[in-house]
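Proteins come first, then strands; the chains are lettered A, B, ... in the order of their sequence lines, and each starts at number 1. We use all heavy atoms of the structure for the numbers below, so side chains are in, but hydrogens, waters and symmetry mates are not.
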Amino acid sequence: MRMSNQFGRTLRQAPADAETISHQLLVRAGFIDQLSAGIYSYLPLGLRVKKNIESIIRKEMDAANGLEVLLPTLQPADIWETSERLFTMQDVLFKLEDKRGRTMVLGPTHEEVITTLFSKFANSYRDLPKILYQIQTKLRDETRPRGGLVRVREFTMKDAYSFDLDEKGLDISYTSMVDAYHKIFSACEIPIISVEADSGAIGGKGSQEFIFLTDNGEDTVLICNQCNYAANQEKAEFIRSEKISTQPLNIEKIETPETTTIDQLTNFLKIHKNDTAKAVLYMAIPRNEDKPFPIFAVIRGDLEINEVKLMNLIDARELTPMTDEHLSQYDVIPGYASPIGISSEIRVIADISITETENLVAGANEVGYHFINTNYSRDWTATDIADIATADEGYICAKCIGEEKGNLRSARGIEMGHVFRLGKTYTSYFDTTVLDQFGKQSTPIMGCYGIGIDRILSATVEEHHDKNGIIWPEKLSPYNIHLTALNFNQDSAVAEKATNLYKRIQAEGLSVLFDDREENPGVKFKDADLIGIPIRITVSSRNNADNVIELKLRHSETSEKIRDENIIQVLQQFF
RNA sequence: CGGGGUGUAGCUCAGCCUGGCAGAGCGCUGCGUUUGGGACGCAGAAGCCCUCGGUUCAAAUCCGAGCACCCCGACCA
């Protein structure tokens, strides 16, 4: 590619709204351009990197016996009705109507389509196992796109779906995908940790996320400093810090004016947060209905409610804090809410921390009063007792074996990939069955496996850059070689030699970005650094006088001179 | 959806407070000089000052409404 013929330009300054390094560099180097919130165009350079990522993924998917398909983006809404996700995923679905007034959906993901397709062609256990995958555009009406390519409304995803006869088969498919993922991320040179994850709206039993750790990430993960436990904060388990066990004392109502928060309460009574019971009131919207119901969550005062755990427990798709109208409707006194004497209309959920701690201070459901020495089961009970607490930095690992337990460390990261054991959710919805070897109908069990391609692009830049620009890993680089010709328009010897070299390198099967522009050397070097191709060679009048070509690796400070006749051979050694 | 911020040339931004000719740097075009880390000179092109409405003799500037974009949170396959 001759740069004189390139489309797109490098920028000295990044646009003001690019916050993260990867966003800034990708825009400055002319790889992507923003059209609207969460909607980007790929320029020629960016598209070449994207294609490289896709081919790495294809290679590993094919090696894992995946079969590539391409499923439609435009989908009739009725298959989404069948899976009930027209309802449960309504917030992210782009919907439209065709001429006949039929509702259509722009695919945010493809479980419905793949299951429909699979049902048509698979009849027998002999058709199993199968792993089908595609690399496709996904459309999701995100409430808040952010971070350049990190959270967008239109993006490219590799999604794979496995179909097996039983759990054992699923294990094999799942493991082969996990292995493939590790190979993919390693080829892209992105450090990844895999963590236990919540499966969210997609459903299913177990899932694992592949997280790229970065302070710009939007997910929080907790990692044990002793065992190999790591989990998304939405899912992470921990052991409640122990409190010295005491005998239950008599419950007593005391005056506590102006103490509507845990902080005020602990200051006023000169006690610790873990001596209190905190009440959090929500209206929950059930997964498959619109009618909200009230929830009273109780947790020890030093802990925070984990809304994901809570929603999973009560099978809700949304939690919103109770408004003043709701509070008065259920006779709850804000700031003094109490599980003791609560309206029976409200479902009470207690975190396990509550039942393990004696003599807690709780609200009295009366302005200006709290109860001291409340004890679970003696003074009140909950509808459910469960783990609904958020794990955080320094908490005790729940998975360590033995006496010495590790502590959890908290880190931010970006979800690059997610694998799910889906189970029979979709095959059941779509009545997908095959005959097993005994001639009986059997419902296949599914797994699904996603990787965000645009996110790999972003993460790679986050991981591989310096103050001058991007430093692409060899396999992702838009071109193999960056050929810089200084004085291209003034020195015909340079022009001739560089042009010849350009052709010879291509004849070797390598791709070259050829800077034949009429620009000062400084501009060419700055652009080369910004664009980040790992190998740069320079032809110049100065080098010509010595019959050498200069070779510099992007990640290195120094360069070396290669004799003209050796340059091709030297370049070949890199590939 | 809640909170905060920003909309002026392709990009970064000044001008707005205190109403009176539409500005700078970078980029772009032409000519010339320069040529190993974003070089210099001269001459140019480039604007719906986000939109609509209001106040005013006069609005980029003041007032109102709306829209867009960014950040934090909520949400998130």
Chemist: Suppose you measure atom C1' in B:G20 against the same atom in B:C40; what distance do you get, rounded to whole Å?
Modeler: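 The answer is 38 Å between these two C1' atoms.
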
Chemist: Using purine N1 to pyrimidine N3 plus N6-O4 or O6-N4 for Watson-Crick, or N1-O2 and O6-N3 for G-U wobble, both under 3.5 Å, which nucleotide pairs with B:G2?
Modeler: B:C72

Chemist: Is A:Arg412 salt-bridged to A:Asp215, cutoff N-O under 4.0 Å?
Modeler: no

Chemist: Provide, to the nearest angstrom, the distance between the CD atom belonging to A:Gln233 and the P atom belonging to B:C75.
Modeler: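 In whole Å, B:C75 P and A:Gln233 CD are 11 Å from each other.
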
Chemist: Between B:C69 and B:U8, how far is it from one P atom to the other, in whole Å?
Modeler: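 Rounded to whole Å, the distance is 14 Å.
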
Chemist: Under 4.0 angstrom, heavy atoms only, what part of the nucleic acid is A:Ser36 near: base, sugar-phosphate, or nothing?
Modeler: sugar-phosphate

Chemist: Excluding sequence neighbours, so at least two apart, what forms side-chain contact (heavy atoms from CB on, under 4.5 Å) with A:Thr73?
Modeler: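 For A:Thr73 the side-chain contact (heavy atoms from CB on, under 4.5 Å) partners, ignoring immediate neighbours, are A:Leu106, A:Gln136, A:Leu139.
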
Chemist: Please determine, for the side chain of A:Gln490, which listed nucleotide (B:G36, B:C75, B:U34) has the closest atom?
Modeler: B:U34

Chemist: A quick test of your reading: do over 12 heavy atoms of other residues, nucleotides or ligands sit less than 6.0 Å from CG of A:Asp315?
Modeler: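 Check passes, neighbour count above 12.
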
Chemist: Quickly work out the A:Arg146 CZ to B:A74 P distance and round it to whole Å.
Modeler: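 Rounded to whole Å, this separation is 8 Å.
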
Chemist: Look at all strands and tell whether A:Leu35 reaches a base, only sugar-phosphate, or nothing, counting heavy atoms closer than 4.0 Å.
Modeler: nothing

Chemist: If pairing requires Watson-Crick or G-U wobble contacts with both distances under 3.5 Å, which nucleotide is the partner of B:U61?
Modeler: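 The answer is none; no pair meets the criterion.
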
Chemist: Side chain of A:Arg542 only, please: which of B:C69, B:G36, B:C76 is the nearest?
Modeler: B:G36

Chemist: Starting at the 5' end of nucleotides 9-16 of chain B, put B wherever the base has a protein heavy atom under 4.0 Å, S where only the sugar-phosphate does, and a dash everywhere else.
Modeler: --SSS---

Chemist: Using the P atom as the point on both nucleotides, what is the distance between B:C71 and B:G15, in whole Å?
Modeler: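 The same atom, P, in both gives a distance of 24 Å.
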
Chemist: Restricting to side-chain contact (heavy atoms from CB on, under 4.5 Å), what partner residues turn up for A:Thr390, sequence neighbours left out?
Modeler: A:Gln233, A:Glu304, A:Asn306

Chemist: Have a look at A:Gln34 and say if it touches a base, only the backbone sugar-phosphate, or nothing, with a 4.0 Å heavy-atom cut-off.
Modeler: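 Answer is sugar-phosphate: A:Gln34 comes under 4.0 Å of backbone atoms only.
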
Chemist: From CG of A:Asp215 over to C1' of B:C72, roughly how many Å is that when rounded to an integer?
Modeler: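 These atoms are roughly 16 Å apart.
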
Chemist: Reckon A:Asn468 touches a base, only the sugar-phosphate, or nothing at all at heavy-atom distances under 4.0 Å?
Modeler: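 Answer is nothing: A:Asn468 stays at 4.0 Å or more from every strand.
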
Chemist: Let's test this: given Watson-Crick or G-U wobble pairing with both distances under 3.5 Å, identify the partner of B:A9.
Modeler: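 Per the H-bond distance test, none.
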
Chemist: Could you give the CG-to-C1' distance, from A:Asn487 to B:G37, as a whole number of Å?
Modeler: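 In whole Å, B:G37 C1' lies 14 Å from A:Asn487 CG.
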
Chemist: What integer number of Å spans the C1' atoms of B:G53 and B:A46?
Modeler: 30 Å

Chemist: In this structure, how many angstroms lie between the P atom of B:C75 and the CG atom of A:Leu93, rounded?
Modeler: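 A:Leu93 atom CG is separated from B:C75 atom P by 19 Å.
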
Chemist: Ignoring hydrogens and angles, does a donor from either the side chain of A:Thr143 or the base of B:C1 sit under 3.5 Å from an acceptor on the other?
Modeler: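 Absent.
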
Chemist: Does A:Glu81 have any side-chain contact (heavy atoms from CB on, under 4.5 Å) partners at least two apart in sequence or in another chain, and if so, which?
Modeler: A:Leu86

Chemist: Which nucleotide, if any, forms a Watson-Crick or G-U wobble pair with B:G44, using both distances under 3.5 Å?
Modeler: B:C28

Chemist: For a quick check, tell me whether the side chain of A:Glu519 and the base of B:G38 share a donor-acceptor pair closer than 3.5 Å.
Modeler: no

Chemist: Suppose we call a contact any N or O donor and acceptor under 3.5 Å apart; does that hold for the side chain of A:Asn543 and the base of B:G36?
Modeler: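 Side chain to base: pair present.
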
Chemist: Looking at residues at least two apart in the chain, or sitting in another chain, which of them share a salt bridge (Lys or Arg N to Asp or Glu O under 4.0 Å) with A:Asp302?
Modeler: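 If we apply the salt bridge (Lys or Arg N to Asp or Glu O under 4.0 Å) test to A:Asp302, skipping adjacent residues, the hits are A:Arg300.
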
Chemist: Which of these nucleotides, B:C76, B:G38, B:C75, is closest to any side-chain atom of A:Glu234?
Modeler: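 Looking only at side-chain atoms, A:Glu234 lies closest to B:C76.
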
Chemist: Mind listing the N/O atom pairs, protein and nucleotides 44-49 of chain B, below 3.5 Å?
Modeler:
none

Chemist: Map A:Asp141 and A:Ala18 onto RNA chain B by nearest heavy atom, then report which one ends up closer to the 5' terminus.
Modeler: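 The answer here is A:Ala18.
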
Chemist: Counting only distance, no hydrogens or angles, is the base of B:G36 paired donor-acceptor with the side chain of A:Asn520 under 3.5 Å?
Modeler: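 There is none.
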
Chemist: Are A:Tyr40 and A:His23, when compared by the centres of their aromatic rings, separated by less than 6.0 Å?
Modeler: yes

Chemist: Between B:A59 and B:C49, how far apart are the C1' atoms? Round to whole Å, please.
Modeler: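 Result for the C1' pair: 11 Å, nearest Å.
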
Chemist: Any idea how A:Tyr181 and A:Phe185 line up, ring-wise: parallel (<30°), tilted (30 to 60°), or perpendicular (>60°)?
Modeler: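 Judged by the thresholds at 30° and 60°, the geometry between A:Tyr181 and A:Phe185 is perpendicular.
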
Chemist: P atom, B:C67 versus B:C52: distance in rounded Å?
Modeler: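 Result for the P pair: 15 Å, nearest Å.
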
Chemist: What is the separation between atom CG on A:Asp491 and atom C1' on B:U34, rounded to the nearest whole Å?
Modeler: 15 Å

Chemist: Which residues pass the ring pair (Phe, Tyr, Trp, His ring centres under 6.0 Å) test with A:Phe488, sequence neighbours left out?
Modeler: A:Phe514

Chemist: Do any pairs count as a ring pair (Phe, Tyr, Trp, His ring centres under 6.0 Å) and have a residue in residues 141-164 of chain A, sequence neighbours left out, and if so which ones?
Modeler: A:Phe118-A:Phe163

Chemist: Using atom P in both nucleotides, what's the gap between B:G30 and B:C48 to the nearest angstrom?
Modeler: 24 Å

Chemist: Show me the side-chain donor-acceptor pairs of residues 444-454 of chain A shorter than 3.5 Å, one per line, residues at least two apart or across chains.
Modeler:
{"residue": "A:Tyr449", "atom": "OH", "partner": "A:Ser162", "partner atom": "OG", "Å": "2.7"}
{"residue": "A:Asp454", "atom": "OD1", "partner": "A:Thr156", "partner atom": "N", "Å": "2.8"}
{"residue": "A:Asp454", "atom": "OD2", "partner": "A:Tyr42", "partner atom": "OH", "Å": "2.6"}

Chemist: What is the base-pairing partner of B:C17, counting Watson-Crick and G-U wobble geometry with both distances under 3.5 Å?
Modeler: none

Chemist: Counting the atoms with a prime plus P, OP1 and OP2 as sugar-phosphate, which does A:Arg536 contact under 4.0 Å by heavy atoms, base, sugar-phosphate, or nothing?
Modeler: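 Result for A:Arg536 = base.
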
Chemist: Can you name the side-chain contact (heavy atoms from CB on, under 4.5 Å) partners of A:Asp529, sequence neighbours left out?
Modeler: A:Asn468, A:Arg536, A:Arg554

Chemist: To the nearest angstrom, how far is A:Asp529 atom CG from B:G38 atom P?
Modeler: 11 Å

Chemist: Rounded off to whole Å, could you give me the CD-to-P distance for the A:Glu518 and B:G38 pair?
Modeler: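 Those two atoms, CD and P, are 18 Å apart.
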
Chemist: Give, ordered by number, those residues of residues 151-162 of chain A having at least one heavy-atom distance below 4.0 Å to an atom of RNA chain B; if nothing qualifies, reply none.
Modeler: A:Arg151, A:Phe155

Chemist: Among B:G27, B:G37, B:C70, which nucleotide sits nearest the side chain of A:Lys526?
Modeler: B:G37

Chemist: How about A:Trp472 and A:Tyr479: are their ring centres within less than 6.0 Å of each other?
Modeler: no

Chemist: Determine, for A:Glu112 against A:Arg85, whether the closest basic-nitrogen to carboxylate-oxygen distance falls under 4.0 angstrom.
Modeler: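 A:Arg85 and A:Glu112: salt-bridged.
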
Chemist: Looking only at the side chain of A:Arg144 (C-beta and beyond, no hydrogens), which of the listed nucleotides B:G73, B:G36, B:C76 gets closest?
Modeler: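 Shortest atom-to-atom distance from the side chain points to B:G73.
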
Chemist: Using the P atom as the reference point in each nucleotide, state the distance between B:U56 and B:G47 in Å, no decimals.
Modeler: 32 Å

Chemist: My understanding is that only residues two or more places apart in sequence, or in another chain, count here; which of them pass salt bridge (Lys or Arg N to Asp or Glu O under 4.0 Å) with A:Arg28?
Modeler: none

